[in-house]
Chemist: 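Dropping the structure in here first, questions after.
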Amino acid sequence: MTVTDPAPDAAAAELQEQFDAVIARHDRVEPRDWMPEKYRATLVRQIAQHAHSEIIGMQPEGNWITRAPSLRRKATLLAKVQDEAGHGLYLYSAAETLGASRGELTEKLISGKQKYSSIFNYPTLSYADVGTIGWLVDGAAICNQVPLCRTSYGPYGRSMIRICKEESFHQRQGYELLMTMMRGTDEQRAMVQESVDRFWWPALMMFGPPDADSPNTAQSMAWGIKRDTNDDLRQKFVDMSVPQAERLGVTLPDPDLRWNAERGAHDFGQPDWDEFMAVVKGGGPCNAERIAHRKRAHDDGAWVREAASAFAAKGA
Amino acid sequence: MTDDHDSVYDGLLGEDDSHWAFGTSFEDPLAGVDTTIPDGADPATLATYCLMLGDDALVYSHRLSQWASNAPDLEDDIALANTALDLLGQARLLLARAAAADPSAVPAMPEGSPVPAEDSLAFFRDEPAFRNLRFVEPENGDFAVTIARLLVFSTYRLALLERLASSSDPVLSAIAAKGVKEVAYHRTYAGRWFVTLAQGTPESRRRLEAALPLVWRHHDELFATHPVEADAAAQGVGVDPAGLAGEVGAVLDQVLATAGVERPEVPSAGPVAGGRGRDGRHTEHLSRLLAEMQSVARAHPRGQW
Amino acid sequence: MPDSQPEDFAADGGHGAVPLDGVPTALGEQPPSGEWPLYEVFVRGKRGLNHVHVGSLHAADDTMAVHHARDVYTRRNEGVSIWVVRADAITASSPDEKDPMFAPAGDKVYRHPTFYDIPDDVPHM
């Protein structure tokens with residue numbers, strides 16, 4: 001805590017008590033409330049990196065806007081990429097309630113100090129990837145995001161509600177694209193399977209390493225920022241995806257995947273966590289390109305933003 | 001109060017899904033519309049005329065969509081995508097109208113191809129069959145070029161669609177009436193940015209002044225009446241663009257005056273072997289644009305998407 | 001590997017696992033110069049309802065803020081009425097007099113634009 005004088009001990013203890021009471025009764029923490037610095041910092045980190053993920057996430061799918069194979073798909077894809085810009089914007093606004101400005105957070109993204117979801121460091125190599133990202137990647141995102149609608153921090157939860165609403169459209173359009181392609185030619189079916197083969201494991205990685213390796217989870221859950229563990233969410237995602245894959249007619253590339261009647265859930269293999277770590281550390285297929293793209297857009301836009309500021313200052 | 005709060009969503013997202021690209025009315029863009037050719041109109045003329053306006057929208061939408069994830073800020077990324085989506089919607093309707101008016105305009109597809117007619121027109125027509133103005137073809141350039149081009153194009157198209165709303169073809173009339181609202185917004189957006197860039201910083205003014213001559217090279221082509229446009233106007237279904245020049249010029253002069261920028265004096269881009277965009281003679285940009293746009297569709301002529 | 005520390009990750013980044021350790025979250029740094037000011041957006045979704053806070057955005061001036069609000073929050077849905085107001089022009093009461101965390105900026109609503117209230121029982125999807 002560098003911005004305020006430490007409150008006297010007694011007052012600090014009272015504030016802490018009030019905060020704990022809000023959390024205990026599952027009430028919402030609002031921007032003007034006192035909050036522990038670590039709670040605030042955890043939220044800024046989480047919301048900022050979530051926002052960055054939305055913004056970087058525009059690129060892999062944006063890669064296919066100019067090649068969408070029908071007018072309908074072109075409109076759908078452009079609208080989806082546009083939604084992601086909107087989601088990023090809502091989330092940056094939520095972070096702003098915690099004192100972190102969008103410009104400041106963008107600098108941290110571009111300089112690599114803050115990260116984004118590693119899934120977006122994988123390339124999109126065929127039009128089927130647009131469908132697979134909608135189905136698996138957005139599906140995994142929904143598993144992550146729906147619990148966040150009830151997160152303890154008010155502005156974050158409220159922006160998540162709107163995002164989840166739009167995200168469910170995304171998953172549906174992705175799945176529907178794959179269904180349509182599966183009804184098409186043999187080449188199209190092969191394209192769908194190849195795409196699912198590439199994205200299945202990275203999608204499982206989206207939930208993060210096993211709980212045993214995630215020491216901060218407990219604190220985040222106690223604060224009501226996080227509501228489910230990485231492993232719980234991953235299990236839920238697998239159980240949800242298996243019947244969808246069957247209905248679609250694709251095979252999920254995991255030889256260990258099978259129903260466990262005893263657990264009432266699917267057993268499945270572990271993703272390659274070494275690959276995950278390498279991607280997070282910058283060694284993914286597209287890390288450099290994603291950041292360079294964002295930096296270029298931001299830098300190229302600087303003169304435009306300055307022009308608008310100068311014009312507004314003259315008009316004021 | 002909670003009801004109020006709830007219904008904000010319903011008001012914004014719940015009831016009218018026309019702003020979603022995921023609406024339900026996708027399968028046939030003209031479903032339920034009477035596509036009978038109006039009395040006195042020639043089907044081939046009507047179809048070609050629809051292709052001209054549809055191709056303008058399609059090619060320009062494609063260009064604007066290239067701003068996605070590249071705009072100067074998130075808010076303008078969203079605004080430019082909205083503009084591209086509006087034009088794409090117009091293109092789809094206009095190409096569908098062209099196909100309904102004259103099925104012989106639609107490229108022949110392999111036996112059993114499920115590709116709908118408007119997609120055949122967009123993805124399986126070769127470059128010389130595209131009837132768009134050369135004005136919409138060049139690369140976006142920087143934000144100043146984009147804004148200058150959008151200002152001129154939306155001013156022109158707004159004047160056109162306002163007149164087209166009284167077309168004797170009820171389909172074109174309806175498409176135009178819807179488009180007027182959209183394009184009026186594009187013009188406002190472009191005009192506001194145009195003045196902002198002109199009077200913002202020395203750098204933004206320098207860029208805008210550099211952009212104008214590039215855009216103006218193809219300005220005169222907007223008002224050069226093609227024989228098909230003349231016929232469409234004579235038959236009551238279309239608009240003669242030569243008649244738009246006065247109004248468009250007045251609007252542009254007003255924006256230029258507000259911005260304090262001179263109307264550029266540059267030679268117009270000349271014809272190619274006597275032809276321009278409306279004749280199917282294009283800039284070097286269009287073939288690359290189409291090669292990219294059509295690549296996936298053409299690789300799978302029997303594909304379903 | 002230069003960094004052999006065990007790292008923590010969470011799926012909380014919405015779109016998937018993001019690292020938790022070593023990520024700066026500094027508060028109160030000056031925004032980069034030239035950043036457009038923050039506006040709060042209020043929308044009346046349909047007639048008969050109040051304008052309700054829907055979120056915020058950045059714009060260089062009031063006119064741009066209205067345009068952006070229309071693009072971002074209403075998708076140009078006609079019949080929707082929009083209000084925008086610069087966040088730093090809002091004077092707010094403090095629901096709790098003791099808010100030392102924000103005390104130095106207690107009158108700056110810039111620090112706490114809020115989204116609108118949603119009851120707990122709203123379905124997720």
Side-chain angles (χ1 to χ4, degrees), chain A residues 55-56 58-59 62 64-82 84-86 88-89 92 102 126-127 161-162 165-166 169-170 172-173 177 180-181 183-185 187-188 191 293-294 296-298 300-312 314-315, chain B residues 9 13 19-22 26-27 29 58 61-62 65-66 68-78 81-82 84-85 88-89 91-92 95 114-116 118-119 122-123 142-144 193 195-201 203-205 207 289 292-300 302-305:
Chain A
I55 298 306
I56 296 292
M58 296 169 73
Q59 294 179 33
W64 289 91
I65 290 172
T66 54
R67 290 174 289 172
S70 77
L71 296 175
R72 177 192 166 188
R73 291 295 173 195
K74 200 175 170 79
T76 306
L77 181 57
L78 179 55
K80 187 189 168 194
V81 171
Q82 181 195 39
E84 281 154 12
L89 194 150
Y92 284 126
R102 193 200 297 180
S126 77
Y127 202 78
I161 288 172
R162 181 161 178 156
K165 222 167 176 162
E166 296 184 352
F169 277 100
H170 296 176
R172 267 192 277 166
Q173 69 81 25
L177 169 60
T180 308
M181 289 180 70
R183 286 197 301 270
T185 63
E187 288 92 338
Q188 286 185 297
M191 203 191 288
H293 179 136
R294 185 74 196 101
R296 186 182 63 242
H298 187 68
D300 287 354
W303 69 269
V304 179
R305 297 189 299 272
E306 284 159 18
S309 295
F311 180 72
K314 284 175 192 171
Chain B
Y9 267 143
L13 301 170
H19 50 282
W20 287 109
F22 314 103
F26 267 126
E27 296 318 323
L58 177 60
S61 166
H62 184 95
S65 77
Q66 291 175 307
S69 82
N70 291 301
D73 61 273
L74 294 180
E75 285 85 352
D76 284 290
D77 215 296
I78 292 169
N82 274 336
L85 283 167
L88 187 54
R92 190 159 182 252
L95 296 188
V115 176
E118 67 275 13
D119 284 345
F123 297 96
D142 68 9
F143 192 69
W193 264 117
V195 173
T196 300
L197 296 181
Q199 300 186 350
T201 62
E203 171 69 359
S204 67
R205 188 175 181 88
R207 285 176 180 263
L289 183 152
E292 185 177 1
M293 186 178 91
Q294 298 178 335
S295 59
V296 176
R298 288 197 177 206
H300 304 273
R302 287 194 173 79
Q304 292 199 39
W305 303 101

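Predicted model, so just to flag it, every value in this text is computed and none were measured.
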Chemist: Identify which of Asp73(B), Leu88(B), Val195(B), Leu58(B) forms the greatest number of heavy-atom pairs closer than 4.5 Å to chain A.
Modeler: Leu88(B)

Chemist: What are the two closest heavy atoms between Lys314(A) and Gly200(B), and how far apart are they?
Modeler: NZ-O, 3.1 Å

Chemist: Can you tell which part of Arg73(A) gets under 4.5 Å to a heavy atom of chain B, answering side chain, backbone, both or neither?
Modeler: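 When you check distances to chain B, only side chain atoms of Arg73(A) fall under 4.5 Å.
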
Chemist: Given 3.5 Å as the limit, does a donor-acceptor pair link the side chain of Asp300(A) with the main chain of Pro72(B), or not?
Modeler: no

Chemist: Heavy-atom cut-off 4.5 Å, strictly under: side chain, backbone, both or neither for Ile55(A) against chain B?
Modeler: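 Interface part for Ile55(A): side chain.
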
Chemist: Between Glu306(A) and Arg207(B), is there a salt bridge with N-O shorter than 4.0 Å?
Modeler: no

Chemist: Which bit of Arg172(A) comes within less than 4.5 Å of chain B, counting heavy atoms only: side chain, backbone, both or neither?
Modeler: neither

Chemist: Could I get the full list of ring-ring contact (aromatic ring centres under 6.0 Å, His included) partners for His293(A), not counting sequence neighbours?
Modeler: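 Listed in chain order: nothing, the list is empty.
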
Chemist: Side chain to side chain donor-acceptor pair (under 3.5 Å) between Glu292(B) and Thr66(A): does it pass, once the steps are laid out?
Modeler: CA-CA 7 Å; Glu292(B) 185 177 1; Thr66(A) 54; 2.5 Å; yes

Chemist: Taking all non-hydrogen atoms of both residues into account, name the closest pair between Ala85(A) and Ile78(B) and its distance.
Modeler: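 Looking at all heavy atoms of both residues, the shortest contact is CB-CG1, 3.8 Å.
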
Chemist: So which part of Val81(A) gets closer than 4.5 Å to some heavy atom of chain B, the side chain, the backbone, both or neither?
Modeler: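 Just the side chain, heavy atoms under 4.5 Å.
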
Chemist: Considering only heavy atoms, which portion of Ala302(A) lies under 4.5 Å from any heavy atom of chain B: side chain, backbone, both, or neither?
Modeler: neither

Chemist: Need one label for Ile65(A): side chain, backbone, both or neither, based on atoms under 4.5 Å from any heavy atom in chain B.
Modeler: side chain

Chemist: Holding to salt bridge (Lys or Arg N to Asp or Glu O under 4.0 Å), I want the full list of residues that pass it with Arg294(A), two or more places apart in sequence or in another chain.
Modeler: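 By the salt bridge (Lys or Arg N to Asp or Glu O under 4.0 Å) rule, Arg294(A) matches no residue at all.
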
Chemist: How long is the straight-line distance from CH2 of Trp303(A) back to CG of Asp142(B), given to the nearest 0.5 Å?
Modeler: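 The CG atom of Asp142(B) sits 5.0 Å away from the CH2 atom of Trp303(A).
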
Chemist: Quick one: what part of Asp77(B) sits under 4.5 Å from any heavy atom of chain A, side chain, backbone, both or neither?
Modeler: side chain

